[in-house]
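Computed from a predicted model, the values in this text were never measured in an experiment. Counting begins at 1 with the first residue of the sequence.
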Amino acid sequence: MRCSAGVLNFYLVVCFVLHLFIVGRCDDPQKENVSDEVSGTGNATGQKISGWDVYKRLFAGKRLDHKDAVSTIVAMEGYTKQYKMINILLENIFKVIPDAQTGLQQAGYYPGPFPENTDIKDALSRLLENVAFFGDILLRFPDITHDVLKKHQDWRVIVEAAVVFCNQTQLYSKGVNQEQLNLISQELGLVEKDPNYVNPFSREGQMAQEQQILQAAQSSQGKPKKKKDREKRKGPRLSRSKNEL
């Protein structure tokens, strides 16, 4: 029995995305040698570079892969295919995150200096990277993600604990990473939403945008109409004056 090209391509994409973005093993030689204080300078002042600073660079490269993965899902034709893909990804994400959490707990690691132990570094990187990737999926496909989470209440508990943990690390202390974690927290309802918070990719957000466009169109139509009325009133007078001349 042969698979159709569409089905085959779908599963090839699934395998590709899972391989690149879910496993998140700490197999980079540079990452393996990261410690809390790296004596290499890398700058003119000769200051020591912390393990977190080195990992942040590696993490930034991983984030580019995450963005590519999301773009791949966006490009998939049809809501059904996107839903299946996201469901598969979330199933794997929520296998990796609790496994990483258990590894960190058993090692007695809490947010602080970047670890030197390879197993702890591996667990920490998998947790941080999968939470970030989950956030990308949640914020870009909020309706699908919320629907899947409703069917897996235990996943919500897992991700809440993971978000709290990430928020305590130096990786999410400032900048773009902190902003993303804040958006994740608002989208999940872990914190009070900003009055202006709207996810443009949600049904609610899209309806709000459509309403704004409609209101703007109605407003713009009203103003020119008054202007045209004034022009019409002036027009006949000018015309008549020309005929009289």
>> On a heavy-atom basis, which atom in R63 and which in D136 lie closest, and how many Å separate them?
In response: NH1-OD2, 2.6 Å

> Do the side-chain N and O atoms of Q178 and N167 include a donor-acceptor pair separated by under 3.5 angstrom?
Replying inline: no

>> Do L183 and Q186 make a side-chain contact, defined as non-hydrogen atoms from C-beta onward lying under 4.5 Å apart?
In response: yes

> Just by distance, do the side chain of N177 and the backbone of S173 share a donor-acceptor pair under 3.5 Å?
Replying inline: no

>> What I'd like to find out is whether the side chain of Q206 reaches to under 4.5 Å of the side chain of P200, using heavy atoms alone.
In response: no

>> Please identify which of these residues, V191, V198, N196, meets the side chain to side chain contact (heavy atoms under 4.5 Å, CB included) condition with D194.
In response: N196

>> Any carboxylate oxygen within less than 4.0 angstrom of a Lys/Arg side-chain nitrogen, looking at E91 and K95?
In response: no

> Can you find a heavy atom in the side chain of K62 that is under 4.5 Å from one in the side chain of H66?
Replying inline: yes

> Distance from N130 atom CG to Q101 atom CD, nearest 0.5 Å?
Replying inline: 10.5 Å

>> Quick check for you: to the nearest 0.5 Å, what is the distance between R140 atom CZ and S71 atom OG?
In response: 8.5 Å

>> In the structure I gave you, are the side-chain heavy atoms of R126 and I97 within less than 4.5 Å of one another anywhere?
In response: no

> Are L171 and C166 close enough, and set up right, to give a side-chain contact (heavy atoms from CB on, under 4.5 Å), and what steps lead you there?
Replying inline: CA-CA 8 Å; L171 179 66; C166 290; over 6 Å; no

>> As an exercise, state the distance from CD1 of I158 to NE2 of H152, rounded to the nearest 0.5 Å.
In response: 11.0 Å

>> Nearest 0.5 angstrom please: E179 CD to N182 CG, how far?
In response: 8.5 Å

> Would L139 and F201 count as a side-chain contact (heavy atoms from CB on, under 4.5 Å) if you check the C-alpha gap in whole Å, the side-chain angles of each, and the deciding distance to 0.1 Å?
Replying inline: CA-CA 7 Å; L139 297 175; F201 299 108; over 6 Å; no

>> Using side-chain contact (heavy atoms from CB on, under 4.5 Å), reason through N117 and D122 one step at a time and then give a plain yes or no.
In response: CA-CA 9 Å; N117 179 276; D122 175 66; over 6 Å; no

> Are the side chains of V159 and V131 in touch, meaning some heavy atoms are under 4.5 Å apart?
Replying inline: no

> Can you tell me how far the NZ atom of K56 sits from the OH atom of Y172, to the nearest 0.5 Å?
Replying inline: 11.5 Å

> What are the two closest heavy atoms between P115 and Y109, and how far apart are they?
Replying inline: CD-OH, 3.8 Å

> Looking at L90, D143, I137, L138, which hits side chain to side chain contact (heavy atoms under 4.5 Å, CB included) with V148?
Replying inline: L90

> If every non-hydrogen atom of P98 is compared with every non-hydrogen atom of I93, which pair is closest and at what distance?
Replying inline: CD-O, 4.3 Å

> How many angstroms lie between atom CE of M85 and atom CD1 of I73, to the nearest 0.5 angstrom?
Replying inline: 6.0 Å

> Taking all non-hydrogen atoms of both residues, which atom of L128 and which atom of F59 are closest, and how far apart?
Replying inline: O-CE1, 4.0 Å

>> With a 3.5 Å distance limit and no angle check, can you tell me whether W52 reaches the backbone of G112 through a side-chain donor-acceptor pair?
In response: yes

> Any idea which heavy atoms bring P142 and E187 closest together, and the distance?
Replying inline: CB-OE2, 3.7 Å

> Going through the checks in order, is the ring pair (Phe, Tyr, Trp, His ring centres under 6.0 Å) test met by F134 and F94?
Replying inline: CA-CA 9 Å; F134 166 78; F94 284 101; 5.6 Å; yes

>> Quick one about Q170 and Y55 (side-chain donor to acceptor, distance below 3.5 Å, no hydrogens or angles considered), yes or no?
In response: no

> Hey, are the side chains of E160 and R156 touching, using non-hydrogen atoms and a 4.5 Å cut-off?
Replying inline: yes

> side-chain contact (heavy atoms from CB on, under 4.5 Å) between F141 and V70: does it pass, once the steps are laid out?
Replying inline: CA-CA 9 Å; F141 305 96; V70 171; 4.1 Å; yes

> So E77 and K81, salt bridge (charged side-chain N to carboxylate O under 4.0 Å, His left out) or not? Walk me through it.
Replying inline: CA-CA 7 Å; E77 296 181 0; K81 286 185 178 180; 5.6 Å; no

> Would a hydrophobic clustering, with Ile, Leu, Val, Met, Phe, Trp and Tyr connected at side-chain separations under 4.5 Å, put L89 with Y79?
Replying inline: yes

> Do the side chains of L127 and V157 join up, straight or via other hydrophobic residues, at under 4.5 Å, putting them in one cluster?
Replying inline: no

>> Please say yes or no: joined through hydrophobic side-chain contacts below 4.5 Å, possibly via intermediate residues, are V74 and Y83 part of one cluster?
In response: yes

> Using 4.0 Å as the upper bound for N to carboxylate O, is an ion pair formed by D147 and K151?
Replying inline: yes

>> Any salt bridge linking D53 with R57? Criterion: basic side-chain nitrogen under 4.0 Å from a carboxylate oxygen.
In response: no

> At their closest point, which heavy atom of G135 faces which heavy atom of I184, and how far apart are they?
Replying inline: CA-CD1, 3.4 Å

